[in-house]
Amino acid sequence: AAGVAAIAFGVYLTYKAFKKSKVLDEQTKAAAGTYRVPDIEPLPKDQLTEYYVAHDGVMLKPGYKMDDKDRNLVFEAPMTKQALVGDRTFTFTNHLTGETKEHQVGHTLTSTYNDEFLSQRSTLKFDGQDIWDLLHARGVRIAADIVSKFPNVTYHVAVNGKFFATIQTCGQWVHEDDAAQHSVNIPMGRYYYRVWTNSDDMDTLFLTVFALSETEQVLAE
């Protein structure tokens, strides 16, 4: 009786695994073309406008700013409320449109236990929503390349299947007239970025850089 029960249980587990595999196959098939990273062909940089994004490094309330080659402030997002527990508040201001809006930013940590393994995942929340889900809903897809002798990263970004921007981590000094200082390389995460785009959608551009920096990922989702 015990042997029959063991065989029956084994058959049940096999059937359950097969059903789960079929469901995953269908989900993957349905997502094809939606969440698949496209072949992003970047445009030559001489056809694009260059911007610079920096983490301002303020001790208690750090934030971000983006300016152009003439050091004109284009976009900024200072942290206006720090929080040891819960969400932080960033005030996003698009200086080209004059629009200002507060956003709640926080991390949600989830833990899962599977057999003998405990795993944790930190999700960046932007106004209560996973920031990558938000960007995906806007049609944003990202392909990443690691370049040079240092772990610098170049991100090629598409929106709705068309080239949108090239984002590159860089050294501490981000302007061309400070090029000699580019030997100071900072790989990624809350530091400095050079951005090239032919779009005037600064909101999506800035939010993409913000997401890359705040999630501190080498390869974006």
Side-chain angles (χ1 to χ4, degrees), residues 23-55 64 66 68 74-75 77 90 92 94 96-97 99 101 103-108 110 119 121-148 150-170 174 186-221:
V23 170
L24 291 175
D25 286 345
E26 290 299 320
Q27 290 176 345
T28 302
K29 183 178 179 181
T34 302
Y35 284 87
R36 181 177 58 83
V37 176
D39 295 327
I40 303 172
E41 196 67 37
L43 295 178
K45 291 177 181 176
D46 58 7
Q47 298 179 20
L48 306 172
T49 302
E50 186 172 6
Y51 298 95
Y52 306 88
V53 180
H55 185 256
Y64 295 86
M66 180 168 71
D68 62 18
V74 175
F75 211 112
F90 286 82
F92 280 47
N94 184 333
L96 299 182
T97 64
E99 295 179 333
K101 186 175 181 180
H103 295 284
Q104 305 303 311
V105 180
H107 287 84
T108 298
T110 56
S119 63
R121 179 179 179 180
S122 177
T123 302
L124 179 64
K125 294 291 186 177
F126 190 83
D127 292 335
Q129 183 178 0
D130 186 315
I131 197 167
W132 293 108
D133 289 343
L134 177 62
L135 287 168
H136 287 164
R138 293 190 184 190
V140 174
R141 301 293 184 270
I142 301 175
D145 294 316
I146 299 177
V147 298
S148 82
F150 298 92
N152 287 352
V153 185
T154 296
Y155 302 95
H156 298 303
V157 185
V159 173
N160 297 324
K162 296 182 179 180
F163 172 80
F164 177 69
T166 293
I167 301 170
Q168 187 177 83
T169 60
C170 65
V174 294
I186 300 174
M188 85 284 312
R190 300 182 182 177
Y191 289 104
Y192 301 92
Y193 298 83
R194 297 175 71 185
V195 182
W196 294 267
T197 186
N198 59 353
S199 174
D200 58 1
D201 185 356
M202 295 295 108
D203 294 277
T204 299
L205 181 65
F206 188 83
L207 185 61
T208 302
V209 180
F210 182 86
L212 290 170
S213 184
E214 284 290 308
T215 50
E216 298 179 308
Q217 298 182 113
V218 174
L219 301 179
E221 297 183 24

Revision key, fill the gap. So CZ of Phe126 and CD1 of Ile131: to nearest 0.5 Å the spacing works out to 5.5 Å

Point to revise | Counterpart residues, side chain to side chain donor-acceptor pair (under 3.5 Å), relative to Thr197 (two or more places apart) | key: none

Point to revise | Counterpart residues, side-chain contact (heavy atoms from CB on, under 4.5 Å), relative to Val140 (two or more places apart) | key: Leu135, Arg138, Ile142, Val157, Val159, Thr204, Thr208

**Study point:** Short side-chain to backbone donor-acceptor contact, Arg141 and His136, under 3.5 Å
**Key:** yes

Point to revise | Contacts of type side-chain contact (heavy atoms from CB on, under 4.5 Å), residue Asp127, not counting sequence neighbours | key: His103, Gln104

Check your understanding: For the residue pair Asp130 and Trp132, what are the closest heavy atoms and their distance?
Key -> OD1-N, 2.8 Å

Point to revise | pair Leu96-Phe75: side-chain heavy atoms closer than 4.5 Å | key: no

Check your understanding: Taking it one step at a time, do Val74 and Met202 satisfy side-chain contact (heavy atoms from CB on, under 4.5 Å)?
Key -> CA-CA 8 Å; Val74 175; Met202 295 295 108; 3.9 Å; yes

**Study point:** Check: Leu48 and Phe163 side chains under 4.5 Å, non-hydrogen atoms
**Key:** yes

Study note, to complete from the structure: On a heavy-atom basis, the closest approach of Val153 and Ala144 is CG1-CB, 4.2 Å

**Study point:** Partner residues of Lys125 under the side-chain contact (heavy atoms from CB on, under 4.5 Å) criterion, sequence neighbours left out
**Key:** Thr108, Thr123

**Study point:** Residues forming a side-chain contact (heavy atoms from CB on, under 4.5 Å) with Glu99, sequence neighbours excluded
**Key:** Thr97

Practice item. Quick one: pull up CH2 in Trp196 and NZ in Lys45 and give me the separation to the nearest 0.5 Å. Key: 3.5 Å

Study note, to complete from the structure: ring pair (Phe, Tyr, Trp, His ring centres under 6.0 Å) filter on Phe90, not counting sequence neighbours, yields Phe210

Review point. Are any of the side-chain heavy atoms of Leu134 and Leu207 separated by less than 4.5 Å?
Key: yes

**Study point:** Nearest atoms (heavy-atom pairs only) where Tyr64 meets Val53
**Key:** CD2-CG1, 4.5 Å

Practice item. Please tell me if the side chains of Thr49 and Asp68 come closer than 4.5 Å, counting only heavy atoms from C-beta onward. Key: no

**Study point:** Interatomic distance, Leu43 atom CG to Lys162 atom NZ [nearest 0.5 angstrom]
**Key:** 12.0 Å

Point to revise | Student check: side-chain heavy atoms of Tyr52 and Tyr192 closer than 4.5 Å | key: no

